[in-house]
Amino acid sequence: MINIAVFASGTGSNFDAILKAIEEGTLDARVALLVCDRVGAGVIEKAQLHEIDTVVYTPKIFENKAAYEAAILEDCRTRGVEFIILAGYMRLIGPTLLQPYEGRIVNIHPSLLPAFPGKDAIGQALDAKVKVTGVTVHFVDDGMDTGPIIDQEAVKIEAADGPEDLKEKIQAVEHRLYPEVIQSLFIKEELK
Ligand code: GAR
């Protein structure tokens with residue numbers, strides 16, 4: 001079984017989907033840690049409900065990004081974290097975490113990358129009036145949503161779709177796809 005840390009900044013619906021897949025036995029992993037960078041984020045309560053170790057950091061109280069990430073690295077190492085799963089973590093990962101976890105940090109993004117990277121990918125797709133958007137799972141590198149793509153799934157945009165409708169469709173795909181992709185990565189890892 002692989003030890004993971006989930007990094008999140010928001011509501012935590014993807015965090016919940018990961019926990020559900022673990023409980024149902026379709027994802028063979030253990031969430032050793034939740035890392036959150038926003039005091040009061042909904043995901044913190046979800047972790048508490050499941051009695052998952054949680055650290056909440058306010059990055060600006062650290063001297064710099066390296067110091068912030070060094071604290072997180074220590075938290076991950078002491079808990080034997082093997083993979084880092086970003087689930088709505090709205091921050092770039094710097095070299096302090098990237099180097100020790102190279103090829104072991106994964107992100108989910110609500111668009112078909114390379115289209116619509118960065119914030120509000122759903123709003124960007126609606127503004128661009130595209131008919132198809134989707135979900136991407138990718139390895140993390142030092143860019144903004146630029147690492148090697150592991151899997152993608154398209155979501156059709158209907159004329160009547162507003163931001164909430166599209167978010168609902170995209171998140172339904174995310175909640176199924178993310179645990180599946182993580183599981184397939186872990187199977188490959190265990191075969192190494
Ligand atoms: C998800 O839709 C995820 O794809 C997106 O944040 C949302 C978090 O929702 N991530 C990004 O935009 C990363 N660039 P959640 O907190 O309910 O899981």
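Computed from a predicted structure; not experimentally measured. We use all heavy atoms of the structure for the numbers below, so side chains are in, but hydrogens, waters and symmetry mates are not.
The CD1 atom of Ile170 sits 11.0 Å away from the NE2 atom of His175 when rounded to the nearest 0.5 Å. Interatomic distance, Ile22 CD1 to Ile182 CD1, rounded to the nearest 0.5 Å: 8.0 Å. Going from atom CG of Leu98 over to atom CG of Leu73 covers 11.0 Å, rounded to the nearest 0.5 Å. Within the model, atoms NZ of Lys156 and CG of Asp161 stand 10.0 Å from one another, a figure rounded to the nearest 0.5 Å. Here the CZ-CG distance, from Arg91 to Asp37, works out to 4.5 Å after rounding to the nearest 0.5 Å. Atoms CG and CZ, from Leu33 and Phe7 in turn, are 7.0 Å apart once rounded to the nearest 0.5 Å.
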Exercise. Please report the C-alpha distance between Val181 and Phe186 in whole Å, then the side-chain angles of each, then the deciding distance to 0.1 Å, and finally whether the side-chain contact (heavy atoms from CB on, under 4.5 Å) criterion is met.
Key: CA-CA 9 Å; Val181 173; Phe186 288 178; over 6 Å; no

Exercise. Evaluate the side-chain contact (heavy atoms from CB on, under 4.5 Å) criterion for residues Val155 and Leu166: first the C-alpha distance (whole Å), next the side-chain angles of each, then the deciding distance (0.1 Å), finally the verdict.
Key: CA-CA 9 Å; Val155 172; Leu166 187 53; 4.2 Å; yes

Exercise. Starting from the C-alpha separation in whole Å, work towards a yes-or-no answer on side-chain contact (heavy atoms from CB on, under 4.5 Å) for Gln152 and His138.
Key: CA-CA 9 Å; Gln152 292 185 300; His138 65 97; over 6 Å; no

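Gly10 and Ala41 make their closest contact through O-CB, 3.6 Å (heavy atoms, listed as atom of the first residue, atom of the second, distance). Considering all non-hydrogen atoms of both residues, Glu174 and Pro179 come closest at O-CD, 3.9 Å. The two residues Gly143 and Leu92 come nearest to each other via the heavy atoms O-CD2, 3.3 Å. Contact detail for Cys76 and Ala5: the closest heavy-atom pair is SG-CB, 4.2 Å. Residues Leu112 and Glu153 come closest through the heavy atom pair CD2-O, 3.6 Å. In terms of heavy atoms, Ala32 sits closest to Val81 at CB-CG2, 4.2 Å.
With sequence neighbours excluded, no residue forms a ring-ring contact (aromatic ring centres under 6.0 Å, His included) with Tyr178. Qualifying side-chain contact (heavy atoms from CB on, under 4.5 Å) partners for Glu180, counting only residues two or more places apart in sequence or in other chains: Arg176, Leu177. Under the rule for a ring-ring contact (aromatic ring centres under 6.0 Å, His included), Tyr101 has no partner lying at least two apart in sequence or in another chain.
Heavy atoms from other residues, nucleotides or ligands lying under 6.0 Å from CD of Glu51 number 12 at most.
Leu185 and Ile187 fall into different hydrophobic clusters, defined by Ile, Leu, Val, Met, Phe, Trp and Tyr side-chain heavy atoms under 4.5 Å apart, directly or through other members. Residues Met90 and Leu113 fall into different hydrophobic clusters, defined by Ile, Leu, Val, Met, Phe, Trp and Tyr side chains chained together at heavy-atom separations under 4.5 Å.
At least one side-chain heavy atom of Phe15 sits less than 4.5 Å from a side-chain heavy atom of Val31. Contact of the His50 side chain with the Glu23 side chain is registered, since non-hydrogen atoms from C-beta on lie closer than 4.5 Å. Using a 4.5 Å cut-off on side-chain heavy atoms (C-beta onward), Ile157 and Val132 make no contact. Between Ile93 and Ile105, some side-chain heavy-atom pair lies under the 4.5 Å cut-off. Taking the side chain as every heavy atom from C-beta outward, Leu34 and Val43 approach each other to under 4.5 Å. Inter-residue side-chain proximity for Ile122 and Phe116 is flagged as unmet; no heavy-atom pair is nearer than 4.5 Å. With a 4.5 Å cut-off on side-chain heavy atoms, Val106 and Ile84 do not count as touching.
In this structure, Thr26 contributes its side chain and Ala21 its backbone to a donor-acceptor pair below 3.5 Å. Between the side chain of Thr133 and the backbone N or O of Ser111 there is no donor-acceptor pair closer than 3.5 Å. Gln124 places a side-chain N or O within donor-acceptor distance of the main-chain N or O of Lys119, the cut-off being under 3.5 Å. Checked by atom type and distance alone, the side chain of Arg30 never pairs as donor or acceptor with a backbone atom of Asn3 at under 3.5 Å. Judged by distance alone, with hydrogens and angles left aside, the side-chain atoms of Thr54 form a donor-acceptor pair with the main-chain N or O of Ile52 at under 3.5 Å. A donor-acceptor pair under 3.5 Å links the side-chain atoms of Gln183 to the main chain of Asp28, judged by distance alone.
Sorted by first and then second residue, the side chain to side chain donor-acceptor pair (under 3.5 Å) pairs with a member in residues 60-70 read Tyr68-Tyr89; sequence neighbours excluded. For residues 124-143, no pair satisfies salt bridge (Lys or Arg N to Asp or Glu O under 4.0 Å), with sequence neighbours left out. For residues 70-85, the side chain to side chain donor-acceptor pair (under 3.5 Å) pairs, not counting sequence neighbours, are Asp53-Arg79, Tyr57-Asp75.
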